[in-house]
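To start, the structure under review is shown below, and the notes come after it.
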Amino acid sequence: MIWSTNYGRLASQTLFTLFFAGRDFAPKCLIDGVNIQDFLQSHYINAVGQLADRIRDAGDLLDECVIGWDSLNEPFEGFCGYSNLNTYPSEQTSTLKKGTFPTPAQSLRLGMGQAQTVDHWSFGSFGPKKDGTVTIDPQGYKMWEESDIEKDGVHAVWGWKRDPGWKLGSCLWALHGVWDVESGYVILPDYFRFSPSDTDREVVFLEDYWRPHWLAFSARIRKSHPEAILFVAPPVFAPPPHIPEDELKGRCCYSTHYYDGLTLITRHWHWFNADALGVLRGKYKSPMQAVKFGEQAIRKSLQEQLGVLKNDAKILGSYPTIIGEIGIPYDMDEKKAYGFTDNGKYKGDYSNQQKALDASLNAADGPNGLNYTIWTYCPDNSHVWGDGWNLEDLSIWSQDDLRVKERCRISMADSSSAALLKPSGATDSSVTLATVPGDDVTDSKQQSVTTLGAWENAYDFLTDGARALKAFCRPYPSATVGIPKDIQFDIHKAVFKLTVRVRPQDALRPDGLEPQRSSGSSETTLNVLEKEQLATEIYIPLVHYASDKIVARFSGQEPSNISAESADSSRASTPVGTAPSSRKPSSLDLSSSWLSSSEPGSMLSLSVQVSEGRWAVEDQTLKWWYPIPSPGENEREYTITVRRAGGAIKTTDVRGGICNLWELLCGNSCSVM
């Protein structure tokens, strides 16, 4: 079950065609007096519009909490542009050849219950390969709804009225004369190739159908959220079409998706890989030229591919790029890391997952300097069912990886959709992690955890239940004065290096700030910022840079040979006060939970080198100040290198150590929300 194969199935192809191009290719499909394209798009756009209205009306959310809106997730062209329904066109690059692979014509016949012998493809180390044929016999079962669901054309459940010209019980493409059901003959194999309004012009899906939908969607969003950043997400690996600047209005971001396809599909980390994006965009004369051998070559190739995607944003203009989805499968090698193979020998060993995820996220770093959102965090992930979605298992966290879990039983929350999937005797999965002492569910009183005292220390908390933690919990600049030129992180040595380009225009402009008076202070925020230069802020994760004391306590050992450098290295020579604009710590702030009670001093052990400027540490944030060129001066480059004093943390198994979490939860019957 891989979503990429579903793009080539009849239901998906039909629905995407109706959504984007129903007026042109399905004119007989009318609901409530409008074409199915207008019916579907208007309902979708208005639904999101209702959400935008509610967020606007709530107050204090727009441009503070909600900064923008992404367009329809991973759209597809359906049949639009297919030149011959009797063959599968190579241009439709989103569809993966794996398993049964019918042609569009065969899919039409299968949808009407007719047996078909179709190609079968396997996906090996070097990509898709046809390995035979398979006969599929639906035994007369049809995909299409029968007419008895509607009385006088009115749907019994949803209440819409279907036009009499849209006959149920048969294929709607046969209704439009594309093929003959009785003979199975395709009458118009190029039906979707040309625009009905201009039969001499071939369809261009992005320009003809995707862009008009995006413009209608963005117009509705801007009605509720005028300053919204509109995220542009065309079909996977397809560059966006040109969109006029008077539509983008300077508020836009390119939000493409990227996955290491070979690893995702084979669920295995290989010693070789391929430049999939380069193959799809015609970079190579032969696919064999795209093969990359060795980890260094693989990492370089992935980084180059993300560089190509970043460059696509130039089609839109001078806009940033965010990789809207990136991640890896955790159920590699038949779920070996879950203990499902080799008598459990490799249970908890996520070393290959860490290599794969580090390679993908490293690709976003380097000269690309890309923002990204990792897919995914799934609170009810389990080893049996994964994310509970399309048999995917990409969650960076799983309740089945919590330590000392066997000390108590986790109940299945009634609200969890995973309850629909849980077979008899399967491992429980929970959204709320509601814990049950013994078997007595009724007496369990749930309460929120408002302190981190349940965990031994911060390192213990941050590693509990996380998978391939050191790959995704990595240092990065969260706010930069200037432009990041290069970001490097060596996961094995715990060495982070950032190079920034700083220009005169990167200086703070006090005239662009609205003065705000701090509570209990006579100084305004503007006054303070005029005195205190802004700093570049770098997230320094505890899991890579924890002090010896914290690591020793986590592993149940006493710290030894802690040098003065290690103990004091995270303190800068120049103390820095907290500006009023700094974020306030939450109730679960790491420093307030542990440092105030059991961890005096800094949690981090750092050795920092800067080419220019000064630095200081607040919790897991390193602030770095440096000179900004004056007007008329050339831009400058500065570099900071952050190492862990004493070298990288050596932990053979982050699942080990002492954890009081489950003892506390079982004893107090509380819930982690």
Side-chain angles (χ1 to χ4, degrees), residues 6-31 34-42 72 74-95 97 101-112 143-144 163 165-167 170-217 234-244 280-282 315:
N6 289 351
Y7 283 127
R9 307 298 181 186
L10 180 59
S12 176
Q13 291 168 320
T14 297
L15 286 169
F16 273 118
T17 304
L18 296 180
F19 183 90
F20 283 110
R23 287 198 302 268
D24 281 350
F25 297 117
K28 295 182 180 181
C29 293
L30 304 177
I31 295 288
V34 299
N35 183 267
I36 186 64
Q37 173 184 337
D38 301 307
F39 183 84
L40 293 174
Q41 288 200 27
S42 64
L72 182 69
E74 295 189 355
F76 183 60
E77 59 263 33
F79 286 126
C80 300
Y82 280 29
S83 60
N84 187 349
L85 294 177
N86 292 306
T87 61
Y88 208 94
S90 58
E91 307 88 71
Q92 270 61 38
T93 53
S94 297
T95 304
K97 294 179 179 178
F101 196 74
T103 65
Q106 289 175 320
S107 291
L108 294 174
R109 300 179 193 121
L110 286 167
M112 284 300 294
M143 186 185 85
W144 305 99
D163 187 85
W166 186 351
K167 303 294 183 181
S170 185
C171 175
L172 69 84
W173 301 120
L175 178 67
H176 286 85
V178 178
W179 70 295
D180 178 67
V181 173
E182 185 173 348
S183 65
Y185 178 70
V186 178
I187 302 169
L188 300 172
D190 61 351
Y191 179 75
F192 300 98
R193 181 179 180 180
F194 299 99
S195 170
S197 60
D198 185 356
T199 55
D200 293 328
R201 188 178 68 82
E202 292 189 354
V203 163
V204 180
F205 172 74
L206 285 169
E207 297 179 2
D208 294 339
Y209 302 112
W210 181 85
R211 181 169 56 193
H213 163 71
W214 188 91
L215 291 173
F217 172 81
V236 176
F237 284 172
H242 172 72
I243 299 177
L280 296 178
R281 297 200 178 183
I315 298 172

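Computation of the quantities below employed the complete heavy-atom set of this structure, encompassing side-chain atoms and omitting hydrogens, waters and symmetry-equivalent molecules.
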The single option from Tyr209, Phe192, Phe194 passing side chain to side chain contact (heavy atoms under 4.5 Å, CB included) against Asp24:
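In the set Tyr209, Phe192, Phe194, the residue that makes a side chain to side chain contact (heavy atoms under 4.5 Å, CB included) with Asp24 is Tyr209.
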Can you name the closest pair of heavy atoms from [X] and [Y] and give their distance?
X      : Y      : result
Pro75  : Tyr7   : O-OH, 4.3 Å
Ile315 : Pro239 : CD1-CB, 3.8 Å
Phe25  : Tyr191 : O-OH, 2.8 Å
Gly111 : Leu10  : CA-CD2, 3.8 Å
Ile187 : Gly177 : CB-O, 3.8 Å
Val203 : Gly81  : CG1-N, 4.0 Å

Do [X] and [Y] have side chains that approach each other closer than 4.5 Å (heavy atoms only, starting at C-beta)?
X      : Y      : value
Thr103 : Asn86  : no
Trp210 : Leu72  : no
Arg109 : Trp179 : yes
Leu172 : Trp166 : yes
Tyr88  : Gln106 : no
Leu175 : Trp144 : no
Ser195 : Val204 : no
Gln41  : Phe19  : yes

Whether the side chain of [X] engages the backbone of [Y] through a donor-acceptor N/O pair (distance < 3.5 Å, no angle test) should be reported.
X      : Y      : result
Thr199 : Pro196 : no
Thr17  : Phe79  : yes
Asp190 : Arg193 : no
Arg211 : Pro240 : no

Measuring from atom [atom1] of [X] to atom [atom2] of [Y], what distance do you get when rounded to the nearest 0.5 angstrom?
X      : Y      : atom1 : atom2 : result
Cys171 : Leu110 : SG    : CG    : 11.5 Å
Asp208 : Arg201 : CG    : CZ    : 4.0 Å
Leu215 : Ile243 : CG    : CD1   : 6.0 Å
Asp180 : Leu108 : CG    : CG    : 12.0 Å
Phe20  : Phe205 : CZ    : CZ    : 4.5 Å

Pairing residues for Asp163 by the side chain to side chain donor-acceptor pair (under 3.5 Å) criterion, not counting sequence neighbours
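None.
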State which residues pass salt bridge (charged side-chain N to carboxylate O under 4.0 Å, His left out) with Asp38; sequence neighbours excluded, sorted by chain then number.
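Per chain and number, Asp38 pairs via salt bridge (charged side-chain N to carboxylate O under 4.0 Å, His left out) with Arg23.
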Which residues pass the side-chain contact (heavy atoms from CB on, under 4.5 Å) test with Ala26, not counting sequence neighbours?
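Residues passing side-chain contact (heavy atoms from CB on, under 4.5 Å) with Ala26: Leu18, Cys29, Trp173, His176.
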